[in-house]
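To start, the structure itself, in structure tokens.
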There are 2 protein chains.
Amino acid sequence: MYHSKETVTGATAEICERIWLSIAEKRLRPGARLKEEQLAEIFDVSRARVRQALAVLESDGLVTIVPNRGAFVSEPGVDEARDVFHVRKQIEARVIERLIDRITDEEIQLLDDHLNNEREADQRGDTSAIIRLSGGFHLLLAELAGSSFLFGILRDLISRSSLITAIYRGRHLHNCGPDEHASLIECIRKRDKAGAMRIMQAHLQHVEDELDLTEEVPTTRDLRQALG
Amino acid sequence: MYHSKETVTGATAEICERIWLSIAEKRLRPGARLKEEQLAEIFDVSRARVRQALAVLESDGLVTIVPNRGAFVSEPGVDEARDVFHVRKQIEARVIERLIDRITDEEIQLLDDHLNNEREADQRGDTSAIIRLSGGFHLLLAELAGSSFLFGILRDLISRSSLITAIYRGRHLHNCGPDEHASLIECIRKRDKAGAMRIMQAHLQHVEDELDLTEEVPTTRDLRQALG
DNA sequence: GACTACAGAAATGTAGACAATATTGTCGAG
DNA sequence: CTCGACAATATTGTCTACATTTCTGTAGTC
């Protein structure tokens, strides 16, 4: 896996991971209801652990829990979507800053290896792997930046980005292709901080530009607002 | 309370809040064991809900859960402590940037009101209130910056800062006094972005400088490392 | 025909009991 | 007296059953 430190304990983390992946792959649509018993059966765990996982996912913003109603996949509005991308640009800029100052040649090799995995998955058409790896590239950068805190923030941001792209972009599924990642690696190899930051900003801007954030998407739950 | 949006549902959030406050007030020491049954009795809730709260706190980094062993208050090392303050300086800088651009006079009044509350608590010597309000000032800034995401990150950062100061600073209890907050407000009132950012950086640096981050504090659990 | 009230179904929230595991204390051998 | 095995205790992890709440479908009334 692409994260160095598990932030949540074993079994709970696995459930969170699988639900997150399902959301990122659009297998779970925003607003979809997450029945505890159903999840417990699917993952073959107790309902208690499902509830723990849902509580964590709620604190991550991926799931919304309504008391006595149940858990639903969150439906971030356009303002929240813009907010996420705005912050993400800031955070990834800080990651690049730190990264360039301290990365070693061996670690750059890790980036190359990751990029190869991305390309292979791209050729195979392995959607699940593409999504994991394209997000994982950014997480790897954060990990190599040496700040577990930035890593955690970025992990959260990428999860939400996946959710947002699932809502506001219809055509493509993956977040970002390997090409821009390649040119970013080249800047890092040359320790070109300004260039790397410029590419990263453009890269994230491309992802954001493909979204349609002009109008609010009617939410599944707030029918009154959607149909009023 | 000082947060605009609850990220976690009702009862679970309340438990997280109370545990967090206990940690910030040093009533719960780093490394302290958190027995589920005990917590359930104290908060008068079911053990299941305590487990949910602990899972959330773990994902926030305030609590460490060891399988089949239990939950403990986290004990961040010196490198993690430096990391938190480094990121916090970056995040709070972004908060100030956004804040100055969009704050209204009415909202500045909110800052003044908050400052008055801080001063009153300071005169009363109300430790619990001082801790809540001094952190709350920074959270209010994030809230007024209009980014719920930055708010969430800062909330996390402040929690960890409290934990870190609890470990690495013996003398003072509060994180930051109201005086520097006052001069920060003055810069905001004048829309002096550069000045505000300078004061904020200095403010956070003061807090960090009072910590003793030169040597690793022996952890309660890793006795082998502490006593070896 | 439309609206309200009520009953049934389904899902969540909670409590309790039981099993698995780690720690602690005790006994005995050397 | 020290070390190691073993039993006792305490705590976590899990499952089951039940109470509570919400949603849905139906019947009754105007």
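Everything numeric here is computed off the predicted structure, so don't read it as measured data. To find a chain, count down the sequence lines: A is the first, B the second, and so on, and within it residues start at 1.
Looking at heavy atoms from C-beta onward, L163(A) lies in side-chain contact with S74(A) at the 4.5 angstrom threshold.
Take D126(B) and apply the side-chain contact (heavy atoms from CB on, under 4.5 Å) test, not counting sequence neighbours, and it matches R124(B), S128(B), A129(B).
Residues S147(A) and R98(A) have side chains that never bring a donor and an acceptor to within less than 3.5 angstrom of each other.
Nucleotide dT14(D) holds its P atom 15 Å from the CZ atom of F43(A), rounded to whole Å. Residue I65(B) contributes atom CD1, which lies 17 Å from atom P of dT11(D) at whole-angstrom precision. The CZ-P distance, from R51(A) to dG13(D), rounds to 17 Å in whole Å. Whole-Å rounding puts the F72(B) CZ to dT12(D) P distance at 9 Å.
When each of dG13(D), dT11(D), dT12(C) is scored by its nearest atom to the side-chain atoms of E36(A), the top-ranked nucleotide is dT12(C). Closest to the K35(B) side chain, of the nucleotides dA11(C), dT11(D), dT14(C), is dT11(D).
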Hey, what are the protein-to-nucleotides 17-22 of chain D N/O distances that come in under 3.5 Å?
none

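Positionally, the nearest nucleotide of DNA chain D for A71(B) lies more toward the 5' end than for the other of S46(A) and A71(B).
One finds a salt bridge joining K89(B) and E208(B) here, because a Lys/Arg side-chain nitrogen approaches an Asp/Glu carboxylate oxygen to under 4.0 Å.
Going from atom CD of E106(A) over to atom CG of L144(A) covers 11.5 Å, rounded to the nearest 0.5 Å.
Put simply, R49(A) has no side-chain N or O that comes within less than 4.0 Å of OP1 or OP2 on dG13(D).
Taking the six-membered ring where tryptophan is involved, the planes of H181(B) and H138(B) are perpendicular, since the angle between them exceeds 60° and thus also 30°.
Using a 4.0 Å heavy-atom cutoff across all strands shown, L54(A) reaches no nucleic acid atom at all.
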